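Notes to accompany the following structure.
Worth saying up front: this structure is predicted, and the values here are computed from it rather than measured. Convention: sequence-line order gives letters A, B, ...; per-chain numbering from 1.
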Amino acid sequence: MIPDGRVDPPADVVLDVTDLSIAFPTDEGLLQAVSGLSFQARLGRTLAIVGESGSGKTVASMAVLGLHDPRRTRISGSIRLEGEEVVGAPEWMLQALRSTTAAMVFQDPLSALHPFHKVGRQIAEAYRAHHPVSKAVAQRRAVEMLDRVGIPNPHRRANQFPHEFSGGMRQRAMIALGLVNNPRLLIADEPTTALDVTVQAQILDLLGDLRREFGSAVILITHDLAVVAETADDLLVMYAGRAVEQGPARQVLGRPSHPYTEALLQSLPSPSADLGLLRTIPGNPPSLLAPPPGCAFHPRCVFSDRVGAPCRTEVPAWRAAPGESHRHVRCHLEDPVTAIDAGGLR
Amino acid sequence: MLTYVLRRVGLGLTVLLATLVASFLLFFAGPADPAQAMCPEQRCSPERLTEIRENLGLDRPLAAQFTEYFGGLFVGRDFEFAGDVVHCSAPCLGMSFLTKRPVSEEIFSRFPATVLLALGTVVVLLAVGLTVGVITARARGSALDRLLIGGSQVFGAIPYYVVALVFALYATRIHGILPQAMPLSDGLPGFLAGLIAPCLLLGLVYSAGYARYTRSAMIETLATDYVRTARSKGLDEVTVVRSHALRAAIGPVVTILGLDVAALLSGTLVTEKIFEIDGIGKLSIDALARDDLPVIMGTVLVTAVLVVTLNLVVDIAYSFVDPRVRLS
Ligand SMILES: Nc1ncnc2c1ncn2[C@@H]1O[C@H](COP(=O)(O)OP(=O)(O)OP(=O)(O)O)[C@@H](O)[C@H]1O
Ligand code: SF4
Ligand SMILES: [Mg+2]
């Protein structure tokens, strides 16, 4: 939050994002996908990121690996991976850190795996990009990874193409690819979407095991608050490209400090029963080309009348939540946690 | 896979048979009189014409002529010219009225020139077309992109024979930058050197289209999730572009290339004429100009065989390019 003169973060902070903004010039104008985003990821912990479709989760994660085309993207702010600045880093540096320092498991594995290359080769290729080994050794490593993520018959499977895999198998293969170089940080982008509940649970267990085994940091992007409640240590909630609140997952879900988080929880099927998939909340997601002035959530916020004009004119600052250590919030309400507790319908 | 290939071969044979019947009807039942072609002198007596027709079997019913022609394809046949019996071995495509040599010999003696010309052209068109396509796709919207793609469009808009004539004139005749054509009988080195100019020209002209296909296919594949995955693995840019993006973009290019190669192998009329290359194209032009029907028909059939075969080859090659089609 203090770009200049900031102190070194604690040693367990593997990813330190400060005031990150990402915009794409498009035919219809500048699309502001991420604005003023700050968060940290720590070793041995799982940080969940939730937010509606289009809130900038994938765009922000891609920036961590320096995957945006600099000619078509405007990026400002700072992303430090193990202390190294990623924003504006030269290509050779990015290549060296991808898959080793930070790896990403992309959403939708069918399109994220190359349709014309065998699965084993795709994993072996990532290993060989960072280790001076023969193809045979890398292939053995790929088979080992497939085995580790619970794919039966890994030898045979390594020689198959992605279209010969089931959805759950492809997701496992994607995770094997993400883990092949033992990354310090693994970003899993909706790894359980479109999978049935049993497979979902297996995949999440797998991520948990691997985090414990290697002590890496995991960022879990999801739409599913039940998954967050079960697996995340910390939670970051995004809305229209901005972080709206962050804190320990249990605290945030138990007593939200932002009206949007509250609305997400309200939209769940039943507050007492299991937390289910996110339902849509009333109103439309904002346009990123011409976002609402002030707080982007104000057209849908039930508290905006209470605050008045500032919600419609001023972007709220990212500040420590009053009375809550380790929590940050972006809302004009003076004491959001208390206000939501009192005004909520739960 | 095997049943698929067999089915495609069967379909190809049907197409060939239909082409054979259609061209037979068109040419042998058509207006040009082969006897006139063989006896072009003004004083060709009616008796002489009748004799020629009898020798060629042209006085026989159409069905009988077809059966003979068809049989000749498989077992060969004998022809009689002014008392001499000439054997035409299988696959017999008839005898040239003009040279009195079997058509198949005429065609196959021209084949090396045409095949080499086609090969050289393919090398140039792929090297230039793919390179320009990849570069412009990566730099899309830049000045370089607009210059190369705009230039190729202007280049493609000029009629081919104009480009060919000007190129032949300046490059080989006036300035002598590139060697002129030499017949194969004068030795291989000279002959090959003579092919450089036409290969360059044809390759460059074709490459304009290939640059554009490659560019649009690459723009698509460069934006795919799997290319993003390739980058996320820490691969270098050359590997990302070559073995991930281009690998996926090459499919449509292979398909079009198959058809263009068929066209090149069936003879490039204008190019062979302008650069004086004695290939299939020149043979067809000469045969057309002199009503040498068996030769014309022979080249039509050979072309049909080439197109059908290359279509099949392309489809099979495609199944290796895209493993997803292998199963169906
Ligand atoms: N390269 C790009 N050029 C222009 N706009 C882009 C680009 N990449 C992403 N966007 C836009 O940025 C916004 C944020 O996209 P992003 O993929 O980060 O959303 P998300 O939070 O991951 O959503 P989802 O839950 O659907 O995956 C979207 O409106 C998207 O259309
Ligand atoms: S700033 Fe205002 S509009 Fe935005 S969430 Fe807070 S109360 Fe609602
Ligand atoms: Mg996403």
Please step through side chain to side chain contact (heavy atoms under 4.5 Å, CB included) for the pair B:R228 and A:S111, ending with a clear verdict. CA-CA 10 Å; B:R228 180 181 65 181; A:S111 62; over 6 Å; no
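- In this structure, the portions of A:H114 lying under 4.5 Å from any heavy atom of chain B include both its backbone and its side chain.
- In terms of heavy-atom pairs under 4.5 Å with chain B, the best-connected choice from A:M62, A:Q107, A:R71, A:R72 is A:R72.
- Within 6.0 Å of CD on B:E237 lie more than 12 heavy atoms contributed by other residues, nucleotides or ligands.
- Contacts of A:R128 with chain B are absent, with no heavy-atom separation under 4.5 Å from either backbone or side chain.
- For A:A112, the parts lying near chain B are the backbone and the side chain together; criterion is any non-hydrogen pair under 4.5 Å.
- Judged by distance alone, the side chain of B:K233 and the main-chain N or O of A:Q122 form a donor-acceptor pair under 3.5 Å.
- No side-chain donor-acceptor contact under 3.5 Å links A:H117 to the backbone of B:H244.
- Here salt bridge (Lys or Arg N to Asp or Glu O under 4.0 Å) pairs that include residues 169-179 of chain A, with residues two or more places apart or in two chains, number zero.
- Only the backbone of A:L113 comes within less than 4.5 Å of a heavy atom in chain B; its side chain stays farther off.
- For A:L177, the part sitting under 4.5 Å from any heavy atom of chain B is the side chain, from C-beta outward, and nothing else.
- Between chain B and the options A:S99, A:G178, A:P109, the largest number of non-hydrogen pairs under 4.5 Å is found for A:S99.
- The contact between B:S232 and chain A is made by backbone and side chain atoms together, counting heavy-atom distances below 4.5 Å.
- Looking at B:T239, the atoms closer than 4.5 Å to chain A (heavy atoms on both sides) all sit in the side chain, from C-beta outward.
- When each of B:V240, B:D236, B:L235 is paired with A:Q95, the side-chain contact (heavy atoms from CB on, under 4.5 Å) condition holds for B:D236 and for no other.
- Contact annotation for A:T58: only side-chain heavy atoms (C-beta onward) come within less than 4.5 Å of a heavy atom of chain B.
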